[in-house]
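Structure first, commentary second.
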2 protein chains.
Amino acid sequence: MTITIKDVAKLANVAPSTVSRVISNSPRISEKTKRKVRKVMDELNYHPNLNARSLANRSTKSIGLVLPPALDASFQNPFFAEVIRGVTAYSNQKEYSLYFITGKNEEEVEQTVNKTVRGRRVDGIILLYSKENDNIIDYLSEHNFPFVLVGKPYHYIEDITYVDNDNYAAAREVTNYLIDQGHKRIAFVGGESSLLVTKNRLRGFQDTMQLNGLSVKEEEIIFTSFTRDGGRKAVNQLMELTELPSAIVVTDDVLSLGIISVFQEHGISVPKDISIISFNNAILAELANPPLTSVDINIFQLGYEAAKNIISKIEEPDGSEKSILVPYKLIVRDTCMKKEDLELVKS
Amino acid sequence: MTITIKDVAKLANVAPSTVSRVISNSPRISEKTKRKVRKVMDELNYHPNLNARSLANRSTKSIGLVLPPALDASFQNPFFAEVIRGVTAYSNQKEYSLYFITGKNEEEVEQTVNKTVRGRRVDGIILLYSKENDNIIDYLSEHNFPFVLVGKPYHYIEDITYVDNDNYAAAREVTNYLIDQGHKRIAFVGGESSLLVTKNRLRGFQDTMQLNGLSVKEEEIIFTSFTRDGGRKAVNQLMELTELPSAIVVTDDVLSLGIISVFQEHGISVPKDISIISFNNAILAELANPPLTSVDINIFQLGYEAAKNIISKIEEPDGSEKSILVPYKLIVRDTCMKKEDLELVKS
DNA sequence: TTGTAAGCGTTATCAC
DNA sequence: GTGATAACGCTTACAA
């Protein structure tokens, strides 16, 4: 009993094709018939069947959002909620829908991408994370399927459109900031080492330390997961050092939360005993105790630009879209102290 | 140059309909031809067009996930990531895809739901939040479109399938716990008062207080938002009281984070100066400083059951699905103290 | 400016 | 068991 374009056509005394043209607001239809047809559409409470449309059209007006495997702790990172906010802001405006693609592990994510792409459920894909040797990227590239990456690509950086921050520069800035505050022994804690963000921020950190003649021991660089256990692992490793560093660069707010909490458990307080500088400035950063000094990477804009990019890629397949670097900004809150003040408190 | 069922049919020397039957693994096809056809499908690297399928089939094998308006601070609540994990766990297994439905404000969400439902993009809907006077619920009910609600419905509780915790009981348990610890002046901080969770947990709190002959002033019941400003508003209101309560029931971990952090800003420390008992036990609870005593409401299972429910509703429209209450459990961590110990610390 | 008719890639119905 | 063939609901040449 679904009402179709034919019903509308009949009642409006026009051909189905005319109705179709009214739907897509074709300029070749007179205002008069447009009005007439629209009136009937309203009367009949007609709404186009999007599947039929997609089939005839070869366009779905939807885009696939690929998230990390749901079993990863990172899945719950508020980062994703915020990128998605950015994506929807633009895609809703452009009347694109979003398909949610994930799986419990990497393999399942790959399969779901595969099914979605080959089933022609979406016109393009936004990859919400970037890691090394990602089969999905290879797959999409090979099939020449439009996609954009949030984060920097591992390979083929010239051929892949991405939206990212200049994480290398951000890490340099942050490290310099700590050095300016008098810190000399600085540790680094990042998420999985296969993630491109981790890699890039680490490089920025290392280079800056070296440029300033400061050494970093291997044990002072730690990769861990976004859980309390992850925080504990990092803290334990740091406490095994003969002396605690005076500051840490942490690549993610969630990680920072865990570290601060576990430190507290050991009676080590941030920033009195050790300073932390964090990244992302997700909503957590300002809710934390103490509030985090963190690099605001404009997560929302990252998502917004990604959507913009993929949609224009879809709509003008030839207009070569270029990658985008979204600006960042250090937000100083309460987790960093000058080295000298830090000493004072202790004595 | 897409390869279709016809190409497969030709190469396998069978009719298109046979190929179709092989795809859906019809028992009426002999194993022999199945093998033959499958081999050709592999050779040609064939994959069915899901839109065509949906059209012919009148079934999309996808379900819509309705999130709160993206402009709400609640959008970033890790609660949603975790429910979604639960939903995908089941839906992937059943080979259902997920459509992501939201908008910047309520109106846009409604429109998006409308478009998705009438466009037949999904077979059913999961509403991820429950608030009073929700137009979406009315819309879906009127159109007899399959949906399930995560949370308790405001109206028509008999007619709507929902998946929820017994929030009333949980709030009672939690309040009793505080009373057992010797607390007499207990405040309540919740999210928006239009949310059903807030309402139910508040009732449990109030009833328990009353049953124990404890009074609650109007100013000790606060509704606020999931931001630092929200936390600040709550803390300010509490600090205006002639005396600070000795404990607070807070309906959400994110809210608790903010409150603890703002308290700290005023030199008031949790749990030394005031106890907090929280809800949801999202990943944040264990990462917080200090880690939150919180009611684990099994968010994952909430999502899993919702998916199970909607899918069986879709597949057997007559088998009346019943609502489900997911168990909860108080997880004691570090934000609560006995009233007497609390006094000791102070003196 | 509008109508006719042939797709879009499947599935479903009815034969055999 | 398998094959023709008509839907499914829309778009788009091509005609008029």
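Only this structure's heavy atoms are used, side chains among them; waters, hydrogens and symmetry mates stay out. In what follows, every chain begins at residue 1, and chains take the letters A, B, ... in the order their sequences are listed.
- Note on Thr4(B): every side-chain N or O is 4.0 Å or more away from OP1 and OP2 of dG9(C).
- One N or O donor and one acceptor, one from the side chain of Arg21(B) and one from the base of dT13(C), sit under 3.5 Å apart.
- Nearest to the side chain of Ala15(A), among dT11(D), dG3(C), dG9(D), sits dG3(C).
- A distance-only check finds a donor-acceptor pair linking the side chain of Asp7(A) to the backbone of Thr4(A) [under 3.5 Å].
- Near DNA chain D, meaning a heavy atom under 4.0 Å from it, residues 50-63 of chain A has Ala52(A), Arg53(A), Ala56(A), Asn57(A) in order of number.
- Proximity of the aromatic rings of Phe100(B) and Tyr99(A) is defined here by a centroid distance below 6.0 angstrom, and this criterion is not met.
- Computed from coordinates, the Asn13(B) CG to dG3(D) C1' distance equals 13 Å when rounded to whole Å.
- The base of dA4(D) sits within donor-acceptor range of the side chain of Ser17(B), with an N or O pair under 3.5 Å.
- Checking Ser30(A) against His47(B), the closest nucleotide of DNA chain C that is more toward the 5' end is the one next to Ser30(A).
- Residue contacts for Val14(A): at a heavy-atom cut-off of 4.0 Å it reaches the sugar-phosphate backbone alone, with no base atom in range.
- Between the CD1 atom of Ile3(B) and the C1' atom of dG9(C) there is a distance of 11 Å, rounded to whole Å.
- Among the nucleotides dC10(D), dT10(C), dT2(D), the one closest to the side chain of Ile5(A) is dC10(D).
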